[in-house]
Student: 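Sharing a structure below in structure tokens format, with a few things to ask.
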Amino acid sequence: MKILVTGAAGFIGANFVYYELAKYPDDEIVGFDALTYAGNLETLDAALKCPRFRFVKADITDRAAVEALFEKEKFDIAVNFAAESHVDRSIEDPGVFLRTNILGAQTLMDAARKAGTPRYHQVSTDEVYGDLPIGRPDLLFTEATPIHTSSPYSASKASADLLVQAYIRTFGLPATISRCSNNYGPYQFPEKLIPLMIANCLADKPLPVYGEGLNVRDWLYVDDHCKAIDLVARTGKVGEVYNIGGHNEMKNIDIVKLILDYLGKPESLITYVTDRKGHDMRYAIDPAKITAELGWAPETMFADGIKLTIDWYLANKTWWERIVSGEYQRYYEKMYGGR
Ligand code: NAD
Ligand code: DAU
């Protein structure tokens, strides 16, 4: 099999590249990424040493480049991870989210149609369902939950999902969609909650908790997400949406305290800051469909996964310290300076 992985230099895309290379010793992977601020080629260092992996630097909205690549490579499966992925940035500047997340998906699907690619998979998010109230553990997102977006990021991801469904129905594109909850693990960009808190803790910097820290997210170790995407892209039913999540709801403040505790740092580092605009209260996924149809179940318990993750950041300081000291430093000052 030959597999296209867009967004391969980002957090989940890179983890997926390593998952596929290890699991399928005969498959070839083409990693595709524009290397935006969130893409880091260093993350793919080990993959680049493997003769079954190649990297293409290009933008998913570059129609000529995308169509030429699909025509030349004749992929068996195309998996689209490439996206602008950070909610806070989408509040600052929505335009690039619409361009990459919607028009990029359209460009990829047009190329897949032209080249007759047998399978296109769109990596989506639970954020397309909006949010759920706290104190109603009986309410979970199912695939039948209506789309109801809160941020420009989630609106752009939902728009792409609707476009995928339109391409399936109108053009018969053989596509699937997966909607996952919050991921954590190695190689996550330190603008996201868990790596940001680890990095700040290690530098004895304040830990900026939005609002009262009571918002709930449903955390999944990144390898479990990769395993689910692999199953859906290869064996999921064309035209279907699959929710992915591990029944692991946690309040932000509890995650922050857990990180402080593991690193032996004082809770006085916690600083409550102005809340995110439109901040979703709670996400919680019902993964019953993917479990029943494809036999997927998460393997890494949060208690283990968070230790693995913190240990990874401790052992790979140069990876994230280079990020934190570069362009990201200016972003951090802008986002948190007067908050
Ligand atoms: P990320 O920001 O770490 O990586 C995104 C990658 O896409 C980067 O390498 C970036 O360079 C690349 N990219 C951005 N714009 C591009 C463009 N125009 N052309 C080509 N490449 C481009 O994101 P992530 O956390 O790895 O998320 C990957 C996907 O998974 C996204 O589609 C996101 O919506 C989805 N998702 C993420 C999570 C999560 O918790 N991180 C959960 C569910 C779904
Ligand atoms: O649910 C899936 C989504 O999870 C993905 O689609 C997104 O790409 C991914 O970024 C993530 O979105 P969130 O907004 O949930 O993740 P983030 O890490 O930005 O924030 C997690 C929670 O922590 C959220 O309630 C906001 C809060 N937070 C975040 C940051 C960065 C803080 O309290 N302080 C912070 O500094």
Side-chain angles (χ1 to χ4, degrees), residues 5-16 31-41 43-44 56-62 65-66 79-91 96-97 99-101 103-105 107-108 122-129 131 141 150-151 153-154 156-157 160-161 178-185 187-197 200 206-220 222 225 229 244-245 250-253 255-256 270-276 278-285 332 335-336 339:
V5 179
T6 69
F11 165 46
I12 311 174
N15 277 284
F16 185 74
F32 184 106
D33 201 294
L35 299 180
T36 67
Y37 81 93
N40 186 348
L41 206 47
T43 304
L44 293 170
V56 175
K57 180 181 181 301
D59 194 304
I60 56 167
T61 63
D62 180 343
V66 169
V79 185
N80 181 26
F81 290 91
E84 288 293 334
S85 70
H86 193 38
V87 174
D88 291 325
R89 287 185 191 253
S90 82
I91 296 165
V96 67
F97 284 71
R99 194 181 73 87
T100 288
N101 298 0
L103 298 180
T107 307
L108 290 167
Q122 176 72 10
V123 179
S124 186
T125 168
D126 61 358
E127 296 200 15
V128 301
Y129 299 123
D131 64 353
F141 295 138
S150 311
S151 71
Y153 163 70
S154 58
S156 70
K157 293 296 289 185
D161 286 10
S178 56
R179 296 180 179 147
C180 190
S181 58
N182 286 61
N183 284 214
Y184 67 102
Y187 299 119
Q188 187 167 30
F189 195 90
E191 67 188 348
K192 305 282 166 62
L193 179 77
I194 289 181
L196 184 145
M197 295 300 166
N200 281 19
L207 309 186
V209 173
Y210 297 169
E212 295 176 81
L214 300 177
N215 304 65
V216 169
R217 296 292 182 266
D218 184 356
W219 294 92
L220 185 72
V222 64
H225 187 189
I229 289 173
I244 306 169
M250 292 190 66
K251 286 195 216 87
N252 294 338
I253 190 67
I255 301 228
V256 171
I270 295 173
T271 311
Y272 293 95
V273 300
T274 312
D275 209 351
R276 174 184 278 173
H279 199 174
D280 280 336
M281 205 58 217
R282 170 178 166 244
Y283 303 145
I285 280 276
Y332 195 88
M335 291 304 284
Y336 295 92
R339 201 158 185 161

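Ligands are counted one by one from 1 in listed order, and the atoms in each one are counted from 1 as well. The shown structure was predicted, so the numbers you read here are calculated from the model rather than taken from an experiment.
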Student: Counting from 1, what ligand 2 atoms have a heavy atom of Lys192 closer than 4.0 Å?
Tutor: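 Answer, ordered by atom number: 10 (O), 18 (O).
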Student: To check you understand the geometry: which heavy-atom pair defines the closest contact between Glu127 and Tyr153, and what is its length?
Tutor: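 Closest approach of Glu127 to Tyr153, heavy atoms only: OE1-CD2, 3.5 Å.
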Student: Are Arg89 and Glu191 close enough for a salt bridge, meaning some N to O gap below 4.0 Å?
Tutor: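 Result for this pair is yes, salt bridge flagged.
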Student: Looking only at protein heavy atoms, which one is nearest to atom 9 (C) of ligand 2, and what is the separation?
Tutor: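 Closest protein heavy atom to atom 9 (C) of ligand 2: Ser85 O, 3.9 Å.
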Student: Which heavy-atom pair separates Thr274 from Tyr210 by the least distance, and what is that distance?
Tutor: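 That would be O-CD2, 4.2 Å.
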Student: Would you mind telling me which of His279, Met250, Arg276 makes a side-chain contact (heavy atoms from CB on, under 4.5 Å) with Asn215?
Tutor: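 The residue from His279, Met250, Arg276 that satisfies side-chain contact (heavy atoms from CB on, under 4.5 Å) with Asn215 turns out to be His279.
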Student: Is there at least one pair of N or O atoms, one from His279 and one from ligand 2, spaced under 3.5 Å apart?
Tutor: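 Yes, at least one N or O pair falls under 3.5 Å.
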Student: Can a non-hydrogen atom of Met335 be found less than 4.0 Å from any atom of ligand 2?
Tutor: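 No, that is not the case, since the closest heavy atom of the residue is not under 4.0 Å from the ligand.
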Student: Looking at atom 12 (O) of ligand 2, what's its closest protein heavy atom, distance included?
Tutor: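 Residue, atom and distance for the closest contact: Glu127 OE2, 2.8 Å.
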Student: Please determine if Asp88 and Lys192 form a salt bridge, counting it only when a charged side-chain N lies under 4.0 Å from a carboxylate O.
Tutor: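 Judged by the 4.0 Å cut-off on N to carboxylate O distance, Asp88 and Lys192 do not form a salt bridge.
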Student: Does a donor on one side chain sit under 3.5 Å from an acceptor on the other, for Tyr332 and Asn200?
Tutor: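 A pair is found: one side chain offers a donor N or O, the other an acceptor, under 3.5 Å apart.
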Student: May I ask which of Arg179, Arg282, Arg276 has a heavy atom nearer to atom 14 (O) of ligand 2 than the others do?
Tutor: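 Answer by nearest heavy atom: Arg276.
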Student: Examine ligand 2 and decide if any of its atoms is less than 4.0 Å from a heavy atom belonging to Lys157.
Tutor: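 No heavy atom of Lys157 comes that close to ligand 2.
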Student: Check this for me, if you would: do Asp33 and Lys57 make a salt bridge, where the nitrogen-to-carboxylate-oxygen distance has to be below 4.0 angstrom?
Tutor: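 Looking at Asp33 and Lys57, the cut-off is not met.
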Student: Could you list the atoms of ligand 2 found under 4.0 angstrom from a heavy atom of Val209?
Tutor: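 It comes down to these atoms of ligand 2: 33 (O).
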Student: In sequence, state the C-alpha distance, the side-chain angles, and the governing distance for Asn182 and Tyr283, and then conclude on side chain to side chain contact (heavy atoms under 4.5 Å, CB included).
Tutor: CA-CA 9 Å; Asn182 286 61; Tyr283 303 145; 3.6 Å; yes
Student: Do the side chain of Ser181 and the main chain of Asp218 share a donor and acceptor less than 3.5 angstrom apart?
Tutor: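 Yes, Ser181 side chain to Asp218 backbone: donor-acceptor pair under 3.5 Å.
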Student: With side-chain contact (heavy atoms from CB on, under 4.5 Å) as the test, pick out the partner of Lys157 among Gln122, Arg179, Glu84.
Tutor: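 When Gln122, Arg179, Glu84 are each tested with Lys157, the side-chain contact (heavy atoms from CB on, under 4.5 Å) holds only for Gln122.
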Student: Only counting residues at least two apart or in another chain, list the ones meeting salt bridge (charged side-chain N to carboxylate O under 4.0 Å, His left out) with Lys251.
Tutor: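 Lys251 satisfies salt bridge (charged side-chain N to carboxylate O under 4.0 Å, His left out) with Asp254 once adjacent residues are dropped.
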Student: May I ask you to list the atoms of ligand 2 that are less than 4.0 angstrom from any heavy atom of His86?
Tutor: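 Numbered from 1, ligand 2 contributes 19 (O).
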Student: For atom 27 (C) of ligand 2, which of the options Asn182, Thr125, Asn252 provides the nearest non-hydrogen atom?
Tutor: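 Considering heavy atoms of Asn182, Thr125, Asn252, the nearest to atom 27 (C) of ligand 2 sits in Asn252.
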Student: Give the single entry among Tyr283, Tyr210, Tyr336 that approaches atom 32 (C) of ligand 2 most closely by any heavy atom.
Tutor: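 Comparing heavy atoms across Tyr283, Tyr210, Tyr336, the nearest one to atom 32 (C) of ligand 2 lies in Tyr210.
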Student: Output yes when a side-chain donor or acceptor of Asn80 lies under 3.5 Å from a complementary backbone atom of Ala82, and no otherwise.
Tutor: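 Yes, Asn80 side chain to Ala82 backbone: donor-acceptor pair under 3.5 Å.
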Student: In ligand 2, which numbered atoms sit nearer than 4.0 Å to a non-hydrogen atom of Asn215?
Tutor: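 Answer, ordered by atom number: 25 (O).
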Student: Taking only heavy atoms of Glu191, which atoms of ligand 2 are found under 4.0 Å from at least one of them?
Tutor: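 Going through ligand 2 atom by atom, the ones under 4.0 Å from Glu191 are 31 (C).
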Student: Under a 3.5 Å distance rule, please check whether Thr100 uses its side chain to pair with a backbone N or O of Phe97 as donor and acceptor.
Tutor: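 Judged by distance alone, no pair lies under 3.5 Å.
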Student: Tell me if the aromatic rings of Phe189 and Phe11 count as close, with their centers under 6.0 Å from one another.
Tutor: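 They do not qualify: ring centres at least 6.0 Å apart.
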Student: Protein residues near ligand 1, heavy-atom distance below 4.0 Å?
Tutor: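 If the criterion is a heavy atom under 4.0 Å, then ligand 1 touches Gly7, Ala9, Gly10, Phe11, Ile12, Asp33, Ala34, Leu35, Thr36, Ala38, Gly39, Ala58, Asp59, Ile60, Phe81, Ala82, Ala83, Ser85, Thr100, Val123, Ser124, Thr125, Tyr153, Lys157, Cys180, Ser181, Asn182, Asn183.
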Student: Using a strict cut-off of 4.0 Å, indicate which atoms of ligand 2 neighbour a heavy atom of Asp126.
Tutor: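 Atoms satisfying the 4.0 Å criterion: 1 (O), 2 (C).
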Student: Would you check the N or O atoms of Asp280, main chain and side chain alike, for any that come under 3.5 Å of an N or O of ligand 2?
Tutor: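 In fact, backbone or side chain, Asp280 has no N or O that close.
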Student: Quick check on contacts: which atoms of ligand 2 are under 4.0 angstrom from a heavy atom of Tyr153?
Tutor: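 Close to Tyr153: 5 (C), 6 (O), 7 (C), 8 (O).
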Student: Ignoring angles and geometry beyond distance, decide whether Leu193 reaches within less than 3.5 Å of ligand 2 through its nitrogen or oxygen atoms.
Tutor: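 Min N/O separation from ligand 2 is below 3.5 Å for Leu193.
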Student: Let's go through Leu220 and Ile244 carefully: what are the C-alpha distance in whole Å and the side-chain angles of both, what is the deciding distance for side chain to side chain contact (heavy atoms under 4.5 Å, CB included) to 0.1 Å, and is it a yes or a no?
Tutor: CA-CA 9 Å; Leu220 185 72; Ile244 306 169; 3.7 Å; yes
Student: Are any of the N/O atoms in Pro208 less than 3.5 Å from those in ligand 2?
Tutor: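 Between Pro208 and ligand 2, an N or O pair is found under 3.5 Å apart.
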Student: May I ask you to check if ligand 2 and Trp219 share an N or O to N or O distance below 3.5 Å?
Tutor: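 N/O-N/O distance under 3.5 Å: no.
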